[in-house]
Peer 1: 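Pasting a structure below so you can have a look.
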Amino acid sequence: MIGLIDSNNFYVSCERVFNPRLENRPVVVLSNNDGNVVARSNEAKALGIKMGIPFHQIKTIVKLEEVAVYSSNYALYGDMSRRVTSTVRDMIPDVEVYSIDEQFLDFNSFGKYDLKKLGEQINRTVKQYTGIPTSLGIAKTKTLSKIANHLAKKSMTHKGLYVLENEQLIKEYLSLIPVSDLWGIGGRYTLKLAKHNIHTALDLYNTPEQWVKQHMTIVGLRLWYELHGMPCLQLEETQKPKKNICTSRSFSSKQTELSVIKEALATHATTCAQKLRKQGCVTNFINVFVQTNRYSDDPKYSNSFTCTLPESSNDSRVLIHYALKALERIFRAGYKYQKCGVMVSGLTPENQRQTSLFANEKADESLTKGDTLMGVMDTLNEKYGRDTIKIGTAAKSKQTKSWEMNQSYLSPKYTTNWEDLLRAK
DNA sequence: TCTGGGGTCCTAGGACCC
DNA sequence: TCTGGGGTCCTAGGACCC
């Protein structure tokens, strides 16, 4: 049996752990730049605040109902997520971390245990150790455990735990679930399936295998098998190295000057290089993109350019150099830019770096020196805090405030930043 | 005034190889 | 009337997830 444990209203729950006055109150957490609502407490849901709605559209109700509002605090949520995972892993060793608030659990070596009792114990322990409330669904496949989890959360009688086993019950529930709620069915498939009169999860369950394969590829077929209780998706307990890494942000206000965008892009390139080094990888392609606001009536422009590095690298200085070169090629004056970013691909492990055919000893030496320098920078930034030391091009200037992310409602980084903790006190 | 930031997998078709 | 039989790699586009 497979379990899916999921933290309820996760970002809101993290804020509540450190601010219990938020209990029983409507609370929302916003996306980066305080753009949209990405998490809601049950009380906020009851007020009709929809997932993903732009913040400016709910300002009236926020004031009227005294909704507590928070900017995303990923330092806090990431750390709380690690605590939840390690608590779960102490009880069930085989865990796949699926997202910041979800883990799949493998119960197959717990055959003789009462899964209901065990499940209750898991929820209770996580709450006790971390303060985060969770829901747990258990079934034969990942897809069915997603459904069981949904049932655990939605029904008051299940109290955050549901073991979905009985074939007849499975079919009954499937008949109540819109096909669009299934894991793996998005907007496009929902429309396509509706045209063929497939509306509920049970409709899809009853659709012939051949039709599914033909119209929904192997991906849909796996989903179909999983619904029938035949596992096709394995637990992935080790994290696979990423194939692409992207760092991008919207500006807090629209930007027109190349110099400002250069500063922002250099900062993103630095972050991207840090992420590469953390994964122990080097890149040989760097893609840079800029775009204007797609919702506004102002002239629109978006473009990207990919540079091929002469030699694979994860050196911040190298990435900044090529990112700015790419930017020069796509920047057009006269537009109000909203966002820029850097994406690296073609990643290879650091220790399998392909050097240039024409590299000489001097080049080797400079490569080693670069690695040492980056190592020192990473160590200092880890020990004394982010941005303790950085490359000059990405340094903060008078212009920085005009592009840096807007976070007007940020809570302290209670668990990862000592100064923040003191401030909170 | 104001609309996020990351990722993955699959398929078809084109280009090329022997 | 008739034109081989295998392959690989790359890219764009489509679909999805949180």
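All of these numbers come straight from a predicted model, not from anything done at the bench. Below, chain A is the first sequence line, B the second, and so on; all start at residue 1.
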Peer 1: Given dG4(B), is OP1 or OP2 found less than 4.0 Å from the side-chain N or O atoms of Arg294(A)?
Peer 2: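 So the side-chain polar atoms of Arg294(A) do come within 4.0 Å of the phosphate oxygens OP1 or OP2 of dG4(B), strictly under.
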Peer 1: In whole angstrom, give me the gap between the P atoms of dC18(C) and dT3(B).
Peer 2: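 The same atom, P, in both gives a distance of 25 Å.
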Peer 1: Over all strands shown, is Ser72(A) touching base, sugar-phosphate only, or nothing at heavy-atom distances under 4.0 angstrom?
Peer 2: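 Ser72(A): no heavy atom of the nucleic acid under 4.0 Å.
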Peer 1: So, Thr415(A) versus Asp79(A): side-chain donor-acceptor pair below 3.5 Å or not?
Peer 2: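 The answer is yes; a qualifying pair exists.
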Peer 1: Nearest of dC17(C), dT11(B), dG4(B) to any side-chain atom of Tyr98(A)?
Peer 2: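 So the nucleotide nearest the side chain must be dC17(C).
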Peer 1: Within the 4.0 Å heavy-atom criterion, would you say Gly187(A) contacts the bases, only the backbone, or no part of the nucleic acid?
Peer 2: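 If one applies the 4.0 Å heavy-atom cut-off, Gly187(A) turns out to touch the sugar-phosphate alone, with no base involved.
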Peer 1: Counting just side-chain N and O atoms, does Arg222(A) come under 4.0 Å of either OP1 or OP2 of dC9(B)?
Peer 2: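 The answer is no; no side-chain N or O of Arg222(A) sits under 4.0 Å from OP1 or OP2.
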Peer 1: So, is Asn33(A) near the phosphate of dC2(B), with a side-chain N or O under 4.0 Å from OP1 or OP2?
Peer 2: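 No, because none of the side-chain N or O atoms of Asn33(A) sits under 4.0 Å from OP1 or OP2 of dC2(B).
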Peer 1: Would you mind classifying the nucleic acid contact of Ile245(A) as base, sugar-phosphate or nothing, using non-hydrogen atoms under 4.0 angstrom?
Peer 2: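 Sugar-phosphate, no base atom in range.
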Peer 1: Just the dot-bracket of DNA chain B, please: which string comes out with Watson-Crick or G-U pairs under 3.5 Å, [ ] for crossing, | for another strand?
Peer 2: ....||||||||||||||
Peer 1: Classify Gln338(A) by what it touches in the nucleic acid, base, sugar-phosphate, or nothing, heavy-atom distance under 4.0 Å.
Peer 2: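 Counting heavy atoms under 4.0 Å across all strands, the contact made by Gln338(A) is with sugar-phosphate only.
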Peer 1: What is the nucleic acid contact for Phe55(A), judged by heavy atoms within less than 4.0 Å: base, sugar-phosphate only, or nothing?
Peer 2: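 No contact.
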Peer 1: Starting at the 5' end of DNA chain B and moving along, which residue's nearest nucleotide shows up first, Phe251(A) or Met343(A)?
Peer 2: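 The 5'-side residue here is Phe251(A).
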Peer 1: What does Glu102(A) touch in the nucleic acid at a heavy-atom separation under 4.0 angstrom: a base, only the sugar-phosphate, or nothing?
Peer 2: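 Sugar-phosphate contact only.
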Peer 1: Looking for any heavy atom pair under 4.0 Å, which part of the strands does Ile185(A) touch: base, sugar-phosphate only, or nothing?
Peer 2: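 The answer is sugar-phosphate, as Ile185(A) gets under 4.0 Å only of primed atoms, P, OP1 or OP2.
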Peer 1: It should be established whether Arg188(A) places a side-chain nitrogen or oxygen under 4.0 Å from OP1 or OP2 of nucleotide dG14(C).
Peer 2: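 False: Arg188(A) side-chain N/O out of range (4.0 Å or more) of dG14(C) OP1/OP2.
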Peer 1: Categorize Lys146(A) for me: base, sugar-phosphate, or nothing, with a 4.0 angstrom heavy-atom threshold over every strand shown.
Peer 2: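 Sugar-phosphate contact only.
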Peer 1: Please verify the inter-ring angle class for Phe107(A) with Phe110(A); under 30° counts as parallel, over 60° as perpendicular, anything in between as tilted.
Peer 2: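 Geometry flag for Phe110(A) against Phe107(A): perpendicular rings.
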Peer 1: Among the nucleotides dC9(B), dC10(B), dC2(B), which one has an atom lying closest to any side-chain atom of His56(A)?
Peer 2: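 So the side chain of His56(A) is nearest to dC2(B).
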Peer 1: Return the orientation label for the Phe104(A) and Trp183(A) ring planes: parallel under 30°, perpendicular over 60°, tilted otherwise.
Peer 2: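 Phe104(A) vs Trp183(A) ring planes: tilted.
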Peer 1: Contact class for Asp34(A) vs. all strands (heavy atom < 4.0 Å): base, sugar-phosphate, or nothing?
Peer 2: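 It contacts nothing in the nucleic acid.
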Peer 1: For Lys254(A) and dT3(B), is the shortest distance between a side-chain N/O and OP1 or OP2 below 4.0 Å?
Peer 2: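 So the side chain of Lys254(A) is within the cut-off, an N or O lying under 4.0 Å from OP1 or OP2 of dT3(B).
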Peer 1: Relative to each other, are the rings of Tyr414(A) and Phe18(A) parallel, tilted or perpendicular (30° and 60° limits)?
Peer 2: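 Parallel: the ring planes of Tyr414(A) and Phe18(A) meet at under 30°.
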Peer 1: Heavy-atom nearest nucleotide on DNA chain B for Ile218(A) versus Tyr11(A): which residue maps closer to 5'?
Peer 2: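 Upstream on the strand: Tyr11(A).
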Peer 1: Just compare dC10(B), dC18(C), dG5(B) and give me whichever is closest to any side-chain atom of Asp101(A).
Peer 2: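 Closest of the options to the side chain of Asp101(A): dC18(C).
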Peer 1: Is any side-chain N or O of Ser99(A) closer than 4.0 Å to OP1 or OP2 of dC17(C)?
Peer 2: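 Checking dC17(C) against Ser99(A), no side-chain N or O comes under 4.0 Å of OP1 or OP2.
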Peer 1: Have Ser135(A) and Asn149(A) got a donor and an acceptor in their side chains that come within less than 3.5 Å?
Peer 2: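 On atom types as modelled, these side chains do not qualify, holding no pair under 3.5 Å.
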Peer 1: Answer yes if the ring centres of Tyr70(A) and Tyr77(A) are under 6.0 angstrom apart, and no otherwise.
Peer 2: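 Tyr70(A) vs Tyr77(A): aromatic centres not under 6.0 Å.
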Peer 1: From the options Lys142(A), Gln234(A), Gln239(A), select the one residue that forms a side-chain hydrogen bond (donor to acceptor under 3.5 Å, both in side chains) with Glu96(A).
Peer 2: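 Answer after filtering Lys142(A), Gln234(A), Gln239(A): Lys142(A).
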Peer 1: Considering just the side-chain nitrogens and oxygens of Ser250(A), establish if one lies under 4.0 Å of OP1 or OP2 belonging to dG5(B).
Peer 2: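 Answer is yes, contact under 4.0 Å.
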Peer 1: When you check the phosphate oxygens OP1 and OP2 of dG6(B), does a side-chain N or O of Lys242(A) lie under 4.0 Å from one of them?
Peer 2: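 For Lys242(A), the contact criterion (side-chain N or O under 4.0 Å from OP1 or OP2 of dG6(B)) is not met.
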Peer 1: Roughly how far, to the nearest 0.5 Å, is the CZ atom of Arg332(A) from the OH atom of Tyr337(A)?
Peer 2: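 Nearest 0.5 Å value for the OH-CZ distance: 7.5 Å.
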Peer 1: Apply side chain to side chain donor-acceptor pair (under 3.5 Å) to residues Asn32(A) and Ser72(A) and explain how you reach the verdict.
Peer 2: CA-CA 6 Å; Asn32(A) 275 344; Ser72(A) 291; 4.8 Å; no
Peer 1: May I ask you to say what Leu191(A) touches in the nucleic acid, namely base, sugar-phosphate or nothing, with a heavy-atom cut-off under 4.0 Å?
Peer 2: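 Nothing, no heavy atom under 4.0 Å.
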Peer 1: Which of the following nucleotides, dG6(B), dC16(C), dT3(B), is nearest to the side chain of Asn293(A)?
Peer 2: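 The answer is dT3(B), which lies nearest to the side chain.
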Peer 1: I want to check one thing: is the phosphate of dT3(B), taken as OP1 and OP2, less than 4.0 Å away from some side-chain N or O of Lys339(A)?
Peer 2: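 Looking at the OP1 and OP2 atoms of dT3(B), neither is under 4.0 Å from any side-chain N or O of Lys339(A).
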